[in-house]
Amino acid sequence: MITNCNVVLGGIRIPFSLPHFVREKFAEYYHKHSSDIQPPSTIEKREFGFILLKERVMVRHKGFKNVKDLGSFLKMIVPSDVYYSSAYYERPEEKMEEKGWMGADLIFDIDADHIPTPCEKDHDKWVCKKCGAVGRGVTPRKCPGCGEQKFDEKTWPCEVCLGSAKTETMKLVDFLMRDFGFSSEEMEVSFSGHRGYHVCVESGEVQALDQMARKEIVDYVIGIGLEPRFHGLGERSEKKSRILTGPDLNDSGWSGRIAKGTYEFLLSATPEELQQIGLRKKTADTLIKHRETLLESWKGKGPWGIIKDVGVESWKKIAQHGVEKQSAKIDTVVTTDIHRLLRLSNTLHGKTGLRKVMVPITGIEHFDPFKSAVAFKEGTVSVTAADAPQFRLGDETYGPYQEETIELPTAAALLLLCKGRAKMVE
Amino acid sequence: MKTLDIKISDLTNPEYKSILDRAEKRIEEAILLGAVTEQSPNNDIEIPSFPIAVMMAAATADSFIKRRYALAEAKRISNLLGNENKSNITYIANNFNWKIKPVKDPAVSLAYDFTLHYTDFLKNATVFHDKKWKLINRRMLKGEVYLTKSEAARLLEEEVRKHIEGKLDIKVESLPEAVMNRINRLKQLFIEKRGEIQLEELPKEVIVNAYPPCIKELYDTIASGRNVSHIGRFALTSFLINIGMTTKNVVNLFSSVSDFNERLTRYQVEHIAGERGSRTKYIPPRCDTLRTHGVCHSMDDTCRRVRHPLAYYRRKLRAIRRKTPVEKIEKLRA
Ligand code: SF4
Ligand SMILES: [Zn+2]
Ligand SMILES: [Zn+2]
């Protein structure tokens with residue numbers, strides 16, 4: 001997906017030019033596979049965009065009558081990246097204002113960039129474009145050295161990070177199926193080919209949703225604005241005494257998720273973790289002391305109100321923490337943007353040489369992106385790796401590499417070349 | 001509403017006469033009373049008369065008439081929905097192609113009356129600011145959002161208001177002469193009544209002497225601390241709000257009643273005043289409805305000439321205004 005950070009003045013910031021070898025391989029891929037391209041539905045109403053591999057520029061506002069024309073075009077231009085609009089337009093080739101927006105699919109992007117992981121320090125780097133300051137982990141908003149906001153980022157499609165992205169994707173799919181009622185036929189889950197997953201809902205009922213409505217869907221999924229009282233957590237008076245009640249594990253929707261999040265938190269929380277969410281030390285200790293009773297209580301009406309010293313405000317904080325854990329960390333901007341371009345399935349990702357591939361909805365858990373997305377299975381090539389973390393493709397593990405020349409299978413070499421972590425041997 | 005298959009050229013056919021009459025009447029009432037009070041008992045007239053009236057109002061190309069008419073129709077629907085009759089809600093919702101279903105499960109129906117597809121919910125709920133209208137705070141299962149009937153009614157009012165406003169913006173192409181004559185008649189009527197209408201729309205003092213007998217009786221009962229029926233409360237509150245009394249004063253009036261609960265009363269009054277959620281005010285029920293519910297007592301001469309308590313008030317007000325200067329002059333003489 002084209003995200004804001006690399007859209008600069010309407011163009012795409014392209015960090016460096018790709019070696020000829022990459023161009024060759026991409027050309028080979030589109031010559032062999034142009035007929036495997038999976039077009040979006042109603043192809044003639046979609047806008048297409050491409051990053052030209054050689055010239056490194058973005059070409060957009062293209063339209064195609066059918067998938068065959070699209071295939072021939074790909075063969076001809078050999079792009080590093082292929083995008084299509086989630087929107088349907090009357091005139092996809094016109095300027096934005098004149099396209100005639102007819103509706104848009106409901107799309108979600110789960111990117112490892114939005115999920116904090118312990119390993120990003122190990123594999124992600126940033127370099128300030130102005131002063132050259134270097135750091136590890138998440139890119140800061142401003143350079144600590146000079147205050148400038150432009151960086152070269154070096155992220156990595158890491159297995160642990162992609163694992164967290166997958167967990168979030170599974171949570172999202174659960175929301176979409178159980179709460180929103182989408183069938184697996186209406187949804188397409190895919191691995192982006194780089195650092196995340198996409199979920200696209202193509203269903204007549206979502207096409208007309210405006211940005212406000214899409215924002216409400218985003219808030220629903222990321223748990224924003226939830227008030228526990230609307231999900232049964234609160235006090236009510238009964239015969240002169242006040243009774244604290246809350247949701248049940250078997251409840252549907254957010255009520256059940258609050259219960260589940262609360263259950264899971266209390267299962268393992270340490271006193272420190274309980275204090276971190278804003279509980280007083282005494283309350284935290286009381287909860288820990290009664291952990292067994294609390295966990296047992298789910299067989300009945302739940303833990304709410306069974307300990308006299310833990311009041312409704314404390315339970316709200318615990319529930320709120322549960323909400324955070326149960327929510328799905330999606331990129332909020334992508335879903336609310338009704339003109340978004342997103343990567344086309346079965347095309348190559350210019351940052352990895354991996355394919356964007358569909359993930360079977362029933363098998364997300366067992367999906368292996370580093371196996372399924374490998375596009376090149378033959379040949380080897382020698383490259384000089386500057387600095388690369390250890391990685392796996394298929395069943396082979398490679399690296400870590402530090403200033404060394406190695407002979408690698410095509411896919412592994414492409415990954416390093418595309419990520420800018422290696423050069424061709426002269 | 002559902003698109004009715006009416007060709008503009010058909011409008012001159014004799015069988016359309018009663019529909020056109022009814023459509024004209026709707027706008028006329030909107031101009032004169034700020035409300036559409038009556039209803040044709042014949043659905044074959046009533047239903048098509050609405051889109052035709054909308055088209056005629058649009059054809060006046062007069063923003064005053066259009067706004068006054070849109071408000072009057074929205075009020076009418078609010079009123080119809082005001083008693084939160086489930087079949088009324090379903091009936092109107094179906095006209096907007098809402099995916100709405102009554103809740104059948106007896107355990108769930110204690111708390112909710114309807115399920116509504118989330119797309120229909122979001123289309124209307126995103127303009128409301130109260131936290132309870134956030135999707136995340138709703139019970140939702142398989143795309144169905146659970147609603148009470150008053151919540152469904154509120155969403156429906158919003159749909160109606162948007163619908164009418166949208167329809168009135170449409171540019172109407174040329175209409176048959178007979179229809180144009182009706183439209184010109186309405187415009188003429190509006191010009192004649194313009195002074196009065198603008199006067200009416202100004203905030204004005206509440207003239208107790210102009211209250212109809214039914215309202216006077218309700219008012220006196222409440223003021224003396226006794227209780228009245230639910231419909232009586234609704235009639236009194238909506239009447240007072242519509243003649244310009246502030247919600248604060250209405251709440252104060254109820255404060256003498258023995259079981260007064262300020263928070264609840266304020267909520268109810270603000271709801272009727274349209275200050276909560278939906279932007280449309282409720283209008284009092286018509287005389288015949290009040291009669292059915294035993295609220296109409298000791299009718300007087302003016303009563304016999306009106307079908308609505310608000311019409312009574314306006315008529316009486318005009319009479320009082322006409323008289324006042326004379327009395328003043330007489331006073332001066334004396
Ligand atoms: S006729 Fe109408 S206004 Fe007069 S007392 Fe009866 S209900 Fe009230
Ligand atoms: Zn710097
Ligand atoms: Zn990682």
Side-chain angles (χ1 to χ4, degrees), chain A residues 103-104 106 174-184 186-187 201 203-234 247-248 250-258 319-320 323-324 326-328 332 335-336, chain B residues 93 96-101 103-105 107-112 114-148 150-152 154-155 158-159 161-163 165-166 261 263-264 267 276-277 279:
Chain A
L106 181 63
D174 185 68
F175 277 111
L176 295 177
M177 294 185 85
R178 292 207 297 168
D179 297 33
F180 287 90
F182 295 117
S183 67
S184 48
E186 290 169 305
M187 291 190 292
V201 180
S203 148
E205 71 186 42
V206 303
Q207 284 175 14
L209 292 172
D210 63 11
Q211 275 170 298
M212 291 282 284
R214 285 169 206 249
K215 187 189 153 286
E216 279 296 298
I217 295 175
V218 166
D219 286 354
Y220 192 97
V221 164
I222 62 175
I224 292 279
L226 182 142
E227 293 248 348
R229 68 188 156 113
F230 292 114
H231 295 281
L233 177 57
D248 186 85
N250 295 317
D251 285 348
S252 58
W254 264 111
S255 298
R257 284 192 187 85
I258 292 170
Q320 200 56 51
V323 168
E324 236 157 82
Q326 293 292 313
S327 68
T332 57
T335 305
T336 46
Chain B
F96 288 102
N97 295 320
W98 274 18
K99 293 187 205 119
I100 192 167
K101 279 181 247 157
V103 169
K104 294 248 171 63
D105 182 344
V108 184
S109 68
L110 288 173
Y112 299 102
F114 294 106
T115 64
L116 177 65
H117 197 254
Y118 73 94
T119 48
D120 293 321
F121 176 84
L122 289 179
K123 236 183 338 175
N124 297 291
T126 52
V127 299
F128 300 152
H129 296 299
D130 196 295
K131 285 244 170 190
K132 78 164 181 177
W133 293 109
K134 271 199 87 59
L135 189 60
I136 193 168
N137 288 324
R138 307 304 311 191
R139 175 193 166 108
M140 176 167 71
L141 192 61
K142 291 268 169 213
E144 308 285 348
V145 180
Y146 286 74
L147 299 172
T148 65
S150 74
E151 287 166 344
R154 195 80 64 81
L155 288 170
E158 178 59 21
E159 181 86 61
R161 193 189 58 78
K162 266 196 320 211
H163 172 83
E165 262 175 25
N261 170 334
R263 220 168 49 86
L264 186 64
Y267 179 85
R276 283 179 175 267
R279 273 169 277 166

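Reckoned from all heavy atoms, side chains included, excluding hydrogens, waters and symmetry mates.
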What distance separates [X] [atom1] from [Y] [atom2], expressed to the nearest 0.5 Å?
X: A/Ser255; Y: B/Met140; atom1: OG; atom2: CE; result: 11.5 Å
X: A/Arg229; Y: B/Asn137; atom1: CZ; atom2: CG; result: 7.5 Å
X: B/Lys134; Y: A/Ile224; atom1: NZ; atom2: CD1; result: 8.0 Å
X: A/Trp254; Y: B/Leu135; atom1: CH2; atom2: CG; result: 11.5 Å
X: B/Thr126; Y: A/Gln211; atom1: OG1; atom2: CD; result: 11.5 Å

Side chain to side chain contact (heavy atoms under 4.5 Å, CB included) partners of B/Asp105, counting only residues at least two apart: B/Ala107, B/Val108

Results of side chain to side chain contact (heavy atoms under 4.5 Å, CB included) for B/Lys132 - residues two or more places apart only: A/Phe230, B/Asp130, B/Arg138, B/Glu151

Exercise: do A/Glu216 and B/Tyr118 side chains pair donor with acceptor under 3.5 Å: no

Among the listed options [options], the residue most often paired with chain B at heavy-atom distances under 4.5 Å:
options: A/Gly225, A/Ser252, A/Gly253; result: A/Gly225
options: A/Val206, A/Val221, A/Leu209, A/Asp219; result: A/Asp219
options: A/Ile217, A/Leu226, A/Asp210; result: A/Leu226

Heavy-atom pair count under 4.5 Å with chain A, highest-scoring of B/Lys131, B/His117, B/Lys99: B/Lys131

